[in-house]
Peer 1: 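Can you keep this structure in mind? I'll have questions shortly.
Letters A, B, ... are given to chains in the order of the sequence lines, protein chains preceding strands, and every chain is numbered from 1.
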Amino acid sequence: MAVRSDSRFLDAPLVPVSCRVCGAGVRVRKSTWDQTSVQWDGEALASCTERRASGPGPGPSGEVFRGCGALAEAIREAAVLGEVRVRSEDG
Amino acid sequence: MTTADDVRSIEADALPTRFARGWHCLGLARDFTDGKPHTVRAFGQKLVVWAAADGTLNVLDAYCRHMGGDLSRGTVEGDDIACPFHAWRWGGDGRCTRVPYARRVPLRARTAAFPTVRQDGLLFVWNDPEGKPPPEDVTVPRIAGATSDEWTDWSWYSVEIKGANCREIIDNVVDMAHFFYVHYSFPTYFKNIFEGHTATQIMKGVAREDVRRPQAEGSSAPTVLGQTSVATYHGPSFMTDDLTYHYSDGDVDSVLVNCHYPITADSFMLQYGIVVQKAGHLGDTAEDVAAKMGEFIKIGFEQDVSIWQHKARIDNPLLCEEDGPVYQLRRWYEQFYVDAAEVRPEMTDRFEFEIDTTKPNAAWRAEIAENLAQRNGGTGSDATAGAGTGAAVSGPV
Ligand code: FES
Ligand SMILES: [Fe+2]
């Protein structure tokens, strides 16, 4: 049961972004200023400093790492610079 | 050539021929500790579950390797299960321990045993089509509240879902919009994170003005303002949800479990349970609150079930930008359906998807305003039919 492709991601693919703090290289897609998809790989995950510093929260779902603030900042900058296209801004 | 006028077809591959590798919760452990064997249909098989003298819960294939007797109709003898046909005794490790009328047990008298874990009041079995034991790092998280005096006991429910593959319930992890249309709730924040064998949904929501719990109308009962939910699947079937309800008189913290085990490729047993923290402002009503929340969540599941039982299986969903990562979720889910050696990084690599709720929220606010105007205008309340059931309290599914 091969999983098909998300045509949204074929039409506007993920593009590389690096974290200014730890250098983690991820791939990103933004359909609006407030919508973000982030694809990590093992190497990027291992280098993320915020992740390493984070401890598990309370509760059985507390293990989940919500996301990296430094990376979010880098993604925002990349979007402002036009390195990451924001789909809703396209005419 | 594709033209704008081409009709899009629904594609659906055959149902999977195997069952997911992973820990599956069979329900409350105490329901299996009455000294009797229990029949459980799961993973396309019939299983027998019984408690040994020391309380250990055992799970074997129900069919006796002697002449095929149904062990789940036998009797518990000490730690073993005795077959109703010729009384052969089987231990929890799957080995035949005794044939009462024979000099010795024959060679290779061993049947299929499922590894089990009894934890926080729940019974888990490990299913692996390759027959391997669970890896050390693949575990079920602890639910501290379940064993704490500061929390209620489990309110637990099960329902058999016929005519749907369990992928339908998995899909709901990413399905923000259905919470408004199916469950009459109002998500304002929605993010998914997939990593390793976990898939998480973080959701915040507010109560809808056009959906009121009937018992709250005109009464002084506290009203729900909204909820915060962090729900994680730990493997293919067991989800824990750290769920906080924000009431007008304070927060109520709870842990909701949503789990299932497949019966056949197109049926599954859906189970859910809830434990609630006995917060000060609840007084000694915490057990009632837990039971009531359980009832609301039950209504939520019933809303899902009626969708599943009538919908088509679809492998090529047509998505808009405001939909969640259905394809990426299914890519994650596939890791449980291939051999352990075939699990590829793309199935387990971390993926985050945060939805922009601006547009959906604007559309929903307009719809709610319309519903309220219609209601005040005295015309029928069709637009909110069924909404008065109090299902504004919904789970993460
Ligand atoms: S079939 Fe079970 S003892 Fe004979
Ligand atoms: Fe649902």
Side-chain angles (χ1 to χ4, degrees), chain A residues 1-14 17 19 24-48 50-51 54 56-69 71-72 74-76 79 85-90, chain B residues 11 13-17 120 140-146 167 191 193 195 198 200 202 229-232 234 239-243 253 255 257 315-323 325-334 337-338 345-359:
Chain A
M1 56 171 210
V3 177
R4 290 158 173 74
S5 305
D6 185 340
S7 59
R8 299 177 300 181
F9 282 61
L10 296 178
D11 296 345
L14 295 153
V17 171
C19 178
V26 299
R27 288 180 304 131
V28 174
R29 179 182 187 276
K30 280 182 81 60
S31 67
T32 71
W33 284 103
D34 292 322
Q35 193 289 326
T36 312
S37 311
V38 185
Q39 177 67 65
W40 298 67
D41 61 20
E43 205 184 316
L45 210 53
S47 64
C48 178
E50 278 187 36
R51 182 188 165 85
S54 74
S61 301
E63 289 274 330
V64 63
F65 173 57
R66 305 281 187 97
C68 174
L71 180 66
I75 293 170
R76 187 138 200 102
R85 263 174 53 202
V86 178
R87 297 263 300 154
S88 59
E89 302 283 287
D90 298 354
Chain B
E11 296 169 10
D13 299 340
L15 292 174
T17 52
D120 298 326
V140 176
R142 296 305 306 258
I143 301 170
R167 189 181 73 180
K191 180 173 181 174
I193 302 166
E195 187 181 325
T198 66
T200 295
I202 304 173
S229 158
V230 182
T232 301
H234 310 267
M239 173 185 259
T240 57
D241 180 12
D242 295 321
L243 181 60
D253 286 326
V255 173
V257 160
D315 285 324
N316 63 333
L318 174 63
L319 303 180
C320 62
E321 289 288 355
E322 288 72 19
D323 284 321
V326 180
Y327 289 91
Q328 294 80 0
L329 176 73
R330 290 177 176 183
R331 187 180 66 185
W332 168 84
Y333 190 48
E334 202 188 4
Y337 289 85
V338 298
E346 66 182 61
M347 301 173 186
T348 56
D349 277 348
R350 180 181 173 92
F351 178 75
E352 299 173 25
F353 191 106
E354 182 174 334
I355 294 183
D356 180 352
T357 56
T358 315
K359 171 67 192 160

Peer 1: What part of Val230(B) gets closer than 4.5 Å to chain A, counting heavy atoms only: side chain, backbone, both or neither?
Peer 2: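 It is both, since atoms from each part get that close.
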Peer 1: Select one option (side chain, backbone, both, neither) describing which atoms of Arg29(A) are under 4.5 Å from chain B's heavy atoms.
Peer 2: side chain
Peer 1: Taking 4.0 angstrom as the limit, do Asp34(A) and Lys359(B) come out as a salt bridge?
Peer 2: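 Judged by the 4.0 Å cut-off on N to carboxylate O distance, Asp34(A) and Lys359(B) do not form a salt bridge.
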Peer 1: Counting only pairs under 3.5 Å, give me each side-chain donor-acceptor contact of residues 7-14 of chain A, with atom names and distances, residues two or more places apart or in other chains.
Peer 2:
unit_1  : atom_1 : unit_2    : atom_2 : d
Arg8(A) : NE     : Asp6(A)   : OD1    : 3.1
Arg8(A) : NE     : Asp6(A)   : OD2    : 3.3
Arg8(A) : NH1    : Cys320(B) : O      : 2.9
Arg8(A) : NH1    : Asp323(B) : O      : 2.9
Arg8(A) : NH2    : Asp6(A)   : OD2    : 3.0
Arg8(A) : NH2    : Gly324(B) : O      : 3.0

Peer 1: Kindly compute the distance separating CE (Met239(B)) from OG (Ser61(A)), expressed to the nearest 0.5 Å.
Peer 2: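 Output value for this atom pair is 7.5 Å.
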Peer 1: Take atom CD in Glu346(B); do more than 12 heavy atoms of anything else shown fall under 6.0 Å from it?
Peer 2: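 Yes, CD of Glu346(B) has more than 12 neighbouring heavy atoms, counting only those of other groups under 6.0 Å.
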Peer 1: Closest approach of Gly62(A) and Asp242(B), non-hydrogen atoms and distance?
Peer 2: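 That closest heavy-atom pairing would be N-OD2, 3.7 Å.
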Peer 1: Looking only at side-chain N and O atoms, does Trp40(A) offer a donor or acceptor that is under 3.5 Å from a partner on Glu195(B)?
Peer 2: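 Looking only at side-chain atoms, Trp40(A) and Glu195(B) do not form any donor-acceptor pair under 3.5 Å.
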Peer 1: Rounded at 0.5 Å granularity, tell me how far CG in Asp41(A) sits from OG1 in Thr348(B).
Peer 2: 10.5 Å
Peer 1: Under the criterion side chain to side chain contact (heavy atoms under 4.5 Å, CB included), which of Gln328(B), Arg330(B), Met347(B) is the partner of Val3(A)?
Peer 2: Arg330(B)
Peer 1: Is Thr17(B) in contact with chain A via its backbone, its side chain, both, or neither, using a 4.5 Å heavy-atom distance?
Peer 2: neither
Peer 1: For Asp349(B), check salt bridge (Lys or Arg N to Asp or Glu O under 4.0 Å) against everything at least two apart and list the hits.
Peer 2: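 If we apply the salt bridge (Lys or Arg N to Asp or Glu O under 4.0 Å) test to Asp349(B), skipping adjacent residues, there are no hits.
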Peer 1: When you measure from the side chain of Lys191(B) to the backbone N and O of Arg66(A), does any donor-acceptor pair fall under 3.5 Å?
Peer 2: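 Confirmed, Lys191(B) side chain pairs with Arg66(A) backbone.
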Peer 1: Could you tell me whether the side chain of Arg350(B) and the main chain of Phe65(A) form a donor-acceptor pair under 3.5 Å?
Peer 2: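 Yes; at least one donor-acceptor contact below 3.5 Å.
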Peer 1: Please determine, among Ile193(B), Val257(B), Leu15(B), the option with the most heavy-atom pairs under 4.5 Å with chain A.
Peer 2: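 Ranked by heavy-atom pairs under 4.5 Å with chain A, first place is Ile193(B).
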Peer 1: Roughly how far apart are Asn316(B) CG and Ser5(A) OG, rounded to 0.5 Å?
Peer 2: 11.5 Å
Peer 1: What part of Leu319(B) gets within 4.5 angstrom of chain A, counting heavy atoms only: side chain, backbone, both, or neither?
Peer 2: both
Peer 1: So Arg4(A) and Asp315(B), do their side chains get closer than 4.5 Å, heavy atoms only?
Peer 2: yes
Peer 1: Tell me, do Gln35(A) and Glu354(B) make a side-chain contact under 4.5 Å, heavy atoms counted?
Peer 2: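 No, every pair of side-chain atoms sits at 4.5 Å or beyond.
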Peer 1: I'd like to check Ser37(A) versus Phe351(B) (side-chain heavy atoms, cut-off strictly below 4.5 Å). Are they in contact?
Peer 2: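 Contact flag for Ser37(A)/Phe351(B) side chains = yes.
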Peer 1: Below 4.5 Å from any heavy atom of chain A, which atoms of Arg142(B) appear? Answer side chain, backbone, both or neither.
Peer 2: backbone
Peer 1: So, for Pro60(A) and Pro141(B), which heavy atoms are closest and what is the spacing to 0.1 Å?
Peer 2: O-CB, 3.8 Å
Peer 1: Identify which part of Thr200(B) has an atom lying under 4.5 Å from any heavy atom of chain A, answering side chain, backbone, both or neither.
Peer 2: side chain
